[in-house]
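Working notes, beginning with the structure itself.
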Amino acid sequence: MSEDGRPDPATAAFVAHRNLLFTVAYELLGSATDAEDVLQETWLRWADVDLGTVRDQRAYLVRITTRQALNRLRTLGRRKESYVGPWLPEPLLTTPDVAEDVELADSLSMAMLLVLETLAPTERAVFVLREVFGLGHDEIADAVGKSAAAVRQIAHRARAHVAARRPRDVVSPAETRAALDAFRRAVETGDLQGLLDILAPDVVVLTDGGGVKQALPRPVVGAEKVSRLLTLGLSRAGAGLSAEPVQVNGWPALLLRRRGELDAVVAMRVEGGLVTGLYSVRNPEKLAHLERETEVSR
């Protein structure tokens, strides 16, 4: 802090780009907790930089954040290998304006983050920095420690990989909200027919309890199996379960509360008007960022 009470230049630059840096780290890691840790590491390194040698503060900060996130991503990969049951990204309660940036909202969706999980760490960083944040190949090369030519090849390969796995249809938030409304009615009334009508034949359900809360040990695939699962689950839940519509990772979602206590977040992947993916996070360690909105930007 300077003598006149204003932040010093290094602090002011970091604060100005903080939301962007958090978003970069989160998209690379799928974990808000780890993204926050990366920001702390970024700040410690940024505080030691001679600002007189920095031509582009935004690019420099993104480079530091990317390098720290890549280091953590490799560690996170080892943790996931011993994770109990399916692993899902840590959901974020996002501000309403995120949905207005269609590309950012799409990149933050649970479905897309799961697609990004199928990329190698460097491929993921190159794809995110190029496709989501629009960085040039030279800037990305500095961030990931590759040549610009290598980055172009990696970007092409990662783009093809993601294109083959991401939802093909452009889905509006309204379509997702309609599917969630059907799920909410089923939760609150026990009438599943409205939900069953919008389940795709190959719908997949993933639940993440982290070995702490009861969850499915593996994905459940197929409308018939999913419908039986939901019928059984809702009948066991009883009258103490309520569903609150919110925006998670830029898309409509539901917070499920059991007797007033946060129990799970439910997000969906919708294609062609049908639910193709249903994602429920119950691991308490992953629900901390659902009590307050998180600001993201690019």
Side-chain angles (χ1 to χ4, degrees), residues 17-32 34-36 62 65 69 88-119 124-135 158-159 161-184 198 200 204 206 208 243-255 264-281 286-287 289-298:
H17 297 296
R18 187 190 185 285
N19 292 344
L20 162 70
L21 301 178
F22 173 84
T23 310
V24 169
Y26 177 73
E27 295 229 13
L28 292 183
L29 299 168
S31 166
D34 286 290
E36 292 284 3
V62 168
T65 299
L88 288 173
E90 184 178 350
L92 300 176
L93 189 66
T94 47
T95 54
D97 61 302
V98 175
E100 298 171 8
D101 186 337
V102 178
E103 290 183 354
L104 178 60
D106 178 63
S107 71
L108 287 169
S109 70
M110 297 289 277
M112 177 55 79
L113 289 175
L114 285 174
V115 172
L116 294 180
E117 283 291 314
T118 64
L119 292 169
R124 183 169 183 168
V126 169
F127 179 86
V128 167
L129 294 178
R130 181 64 180 165
E131 300 299 320
V132 181
F133 297 98
L135 268 64
R159 195 180 303 115
H161 180 98
V162 171
R165 290 162 177 79
R166 74 190 306 172
R168 298 186 216 22
D169 296 335
V170 177
V171 180
S172 69
E175 289 179 274
T176 303
R177 192 174 297 110
L180 280 163
D181 285 344
F183 184 84
R184 185 185 184 190
I198 59 171
V204 179
L206 295 171
D208 179 343
E244 174 190 352
V246 292
Q247 182 170 276
V248 169
N249 289 50
W251 290 88
L254 292 176
L255 294 187
V265 61
V266 176
M268 286 182 177
R269 170 172 168 170
V270 178
E271 297 180 67
L274 298 176
V275 176
T276 58
L278 184 61
Y279 315 111
S280 175
V281 179
K286 293 186 176 183
L287 301 180
H289 285 78
L290 293 173
E291 299 294 354
R292 65 185 186 281
E293 290 181 342
T294 298
E295 294 187 11
V296 293
S297 67
R298 61 183 184 133

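Predicted model only: the values in this text are computed from it and were never measured.
- For the pair T276/M268, no side-chain contact is recorded, criterion being any heavy-atom separation below 4.5 Å from C-beta on.
- Using a 4.5 Å heavy-atom cutoff, the side chains of L255 and V266 are not in contact.
- Between P173 and P252 the shortest heavy-atom distance is O-CG, 3.5 Å.
- Across every non-hydrogen atom of P89 and V281, the tightest pair is O-CG2, 3.9 Å.
- Side-chain contact between L290 and L287 is present, with at least one heavy-atom pair separated by less than 4.5 Å.
- Checked by atom type and distance alone, the side chain of R269 never pairs as donor or acceptor with a backbone atom of V275 at under 3.5 Å.
- Using a cut-off of 4.0 Å between Lys/Arg side-chain N and Asp/Glu carboxylate O, E117 and R124 are scored as salt-bridged.
- Counted within 6.0 Å of CD on E103, heavy atoms from surrounding residues, nucleotides or ligands total 12 or fewer; the atom is thus considered open.
- Judged purely by distance below 3.5 Å, without hydrogens or angles, the side chains of E90 and S31 pair a donor atom with an acceptor atom.
- For the side-chain contact (heavy atoms from CB on, under 4.5 Å) with H289, the lone residue among T294, L93, V265 that qualifies is T294.
- Distance alone, capped at 3.5 Å, is enough to place a donor-acceptor pair between the R298 side chain and the V132 backbone.
- Each of L108, L29, N249 was compared with L113 under the side-chain contact (heavy atoms from CB on, under 4.5 Å) criterion, and only N249 meets it.
- By the 4.5 Å heavy-atom criterion applied to side chains, L254 and V246 are not counted as neighbours.
- V162 places a side-chain heavy atom less than 4.5 Å from the side chain of F127.
- Pairing each heavy atom of Q247 with each of A99, the nearest pair is OE1-CB, 3.5 Å.
- Listed for the D208 side chain is a donor-acceptor partner under 3.5 Å among the backbone atoms of L88.
- Scanning all heavy atoms of the two residues, the minimum distance from E27 to V128 falls at CB-CG1, 3.9 Å.
- Of the possible donor and acceptor atoms, none in the side chain of W251 sits under 3.5 Å from a partner among the backbone N and O of T176.
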Starting from the C-alpha separation in whole Å, work towards a yes-or-no answer on salt bridge (charged side-chain N to carboxylate O under 4.0 Å, His left out) for R166 and E131.
-> CA-CA 14 Å; R166 74 190 306 172; E131 300 299 320; over 6 Å; no
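- The shortest non-hydrogen separation linking S297 to T23 is N-OG1, 3.0 Å.
- Taking each heavy atom of I198 and A182 in turn, the nearest pair found is CD1-CB, 4.0 Å.
- E293 and T94 share no side-chain donor-acceptor pair at under 3.5 Å.
- Judged by distance alone, the side chain of E175 and the main-chain N or O of V270 form no donor-acceptor pair under 3.5 Å.
- Taking the side chain as every heavy atom from C-beta outward, T65 and F22 never approach each other to under 4.5 Å.
- At a threshold of 4.5 Å between non-hydrogen side-chain atoms, the residues L180 and P245 do not count as touching.
- Here the OG atom belonging to S107 is positioned 8.0 Å from the CG atom belonging to D101, to the nearest 0.5 angstrom.
- The side-chain heavy atoms of L20 and F133, taken from C-beta on, include a pair separated by under 4.5 Å.
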